[in-house]
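Notes follow once the structure below has been shown.
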Amino acid sequence: MEIEVKLRLPNKASHQKLLQLLSPFHITTHHQHNTFFDGSGSELSSRRATLRLRFHEQTNLPKCFICLKAKAVITNGVSRVEEDEEEVDPSIGYACLEEPGKLMDVDSRVLRRVKEEFGVTGFVGLGGFRNVRSVYEWNGVKLEVDEVKYEFGDLYEVECESVEPERVKGLIEDFFKKNGIEYSDSLTSKFAIFRAGNLPS
């Protein structure tokens, strides 16, 4: 179970202001390419699950992670989702991006689960989006500030994984209020926004 605080920033100006405030705490930036898959018979989506390939690009050490997410719930800016992730060879990931059917042949614990638990016998690509994730070590937690690039617009979000989400959310909100950063609770996942095809109002 992955538990994260998720707060949305209203615009690029708020995003840039936050990056400036957090700059002393910056540890890394990931250029992510997220792409999603379902079973050819909608076996995953019909059970509130999705399969994601995430590529870390624009780096000397490109990486690829395969992830099964299921039963996501977001309440009061706190997301809870069942998640199972593992790293795979990026060249294999890109081959599957071109031909989703190749996912059937990848030697992967996560994909074995997908086939066995969900009865998937083939895969279809759903498309995806890119994200620039700036990561900060701040007040004993890891803050991830996202600039999400959809075809229909950009979205800005702050995430923080924690086993004490309410306490951490209070810390972040106090920091935002003291520094005049506008924000709101995230109501839906990035994937749900991608599938809806438009930014939340």
Side-chain angles (χ1 to χ4, degrees), residues 1-34 36 48-56 59 63-87 109-110 113 128-150 154-195 199-200:
M1 179 70 72
E2 178 191 60
I3 303 171
E4 286 182 318
V5 177
K6 287 180 183 265
L7 299 173
R8 191 144 297 153
L9 304 173
N11 50 45
K12 190 170 184 67
S14 295
H15 173 258
Q16 290 299 309
K17 184 175 180 181
L18 180 58
L19 293 191
Q20 223 168 1
L21 285 166
L22 290 172
S23 59
F25 310 101
H26 182 257
I27 52 172
T28 189
T29 298
H30 298 301
H31 293 266
Q32 301 174 338
H33 178 197
N34 300 296
F36 300 88
R48 292 178 50 220
T50 186
L51 185 72
R52 182 189 70 202
L53 279 180
R54 169 174 284 168
F55 300 91
H56 285 194
T59 169
K63 293 188 171 189
C64 177
F65 300 89
I66 193 156
C67 180
L68 174 66
K69 291 194 172 216
K71 299 175 184 166
V73 177
I74 298 183
T75 310
N76 298 325
V78 176
S79 164
R80 290 173 170 85
V81 60
E82 294 175 17
E83 181 178 90
D84 192 1
E85 184 176 72
E86 71 180 315
E87 191 169 349
R109 173 182 52 77
V110 170
R113 270 195 70 190
F129 53 84
R130 294 180 186 273
N131 180 37
V132 180
R133 170 165 288 176
S134 303
V135 185
Y136 304 87
E137 288 282 2
W138 173 84
N139 271 7
V141 298
K142 187 177 283 186
L143 283 187
E144 298 172 334
V145 183
D146 290 340
E147 180 178 8
V148 188
K149 301 283 188 182
Y150 296 113
D154 297 346
L155 179 124
Y156 307 95
E157 189 173 58
V158 178
E159 294 187 355
C160 182
E161 190 170 345
S162 175
V163 293
E164 300 178 282
E166 286 76 18
R167 182 186 71 82
V168 168
K169 187 181 183 218
L171 268 181
I172 298 168
E173 288 181 323
D174 285 348
F175 176 69
F176 284 4
K177 286 168 186 168
K178 280 178 190 160
N179 289 283
I181 301 284
E182 290 181 67
Y183 72 94
S184 60
D185 290 347
S186 293
L187 302 175
T188 51
S189 69
K190 295 181 183 73
F191 174 68
I193 293 167
F194 162 68
R195 292 296 277 165
L199 297 173

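Fair warning: this is a prediction, and the values are worked out from it, not measured in the lab.
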> Are D185 and K169 close enough, and set up right, to give a side-chain contact (heavy atoms from CB on, under 4.5 Å), and what steps lead you there?
Replying inline: CA-CA 10 Å; D185 290 347; K169 187 181 183 218; 3.0 Å; yes
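- Atom CG of L143 sits about 5.0 Å away from atom CD1 of I172, to the nearest 0.5 Å.
- Note on E86 versus R113: no salt bridge recorded, every NZ/NE/NH1/NH2 to OD/OE distance being 4.0 Å or above.
- With rounding to the nearest 0.5 angstrom, the CG atom of L155 is 6.0 Å from the CG atom of L199.
- Once rounded to the nearest 0.5 Å, the distance linking CE of M1 with OG of S79 reads 9.5 Å.
- Between the side chain of N11 and the main chain of A13, a donor-acceptor pair closer than 3.5 Å is present.
- Between L9 atom CG and S186 atom OG the span is 8.5 Å, to the nearest 0.5 Å.
- For the pair H15 (side chain) and K17 (backbone), a donor-acceptor distance under 3.5 Å is absent.
- More than 12 heavy atoms of other residues, nucleotides or ligands lie within 6.0 Å of CD in E166, so this atom counts as buried by the packing criterion.
- Judged purely by atom type and a 3.5 angstrom limit, R130 has no side-chain atom pairing as donor or acceptor with the backbone of H31.
- Between F176 and L7 the shortest side-chain heavy-atom distance falls below 4.5 Å.
- Side-chain atoms of C67 and V110, non-hydrogen and from C-beta on, never get closer than 4.5 Å to each other.
- Inter-residue side-chain proximity for I27 and W138 is flagged as unmet; no heavy-atom pair is nearer than 4.5 Å.
- When side chains are defined from C-beta on, T188 counts as touching R8, because their heavy atoms get closer than 4.5 Å.
- Shown here is K142, whose NZ atom has no more than 12 heavy atoms of other residues, nucleotides or ligands within 6.0 Å.
- With hydrogens and angles ignored, the 3.5 Å screen pairs a side-chain donor or acceptor of R109 with a backbone N or O of E85.
- Here the rule is side-chain contact (heavy atoms from CB on, under 4.5 Å) with E144, and of K6, H30, E157, R133 only R133 fits it.
- For the ring-ring contact (aromatic ring centres under 6.0 Å, His included) test with F129, the passing option among F191, F55, Y150 is Y150; the others fail.
- Taking OG1 of T28 as the reference point, atom NE2 of H56 lies at 9.0 Å (rounded to 0.5 Å).
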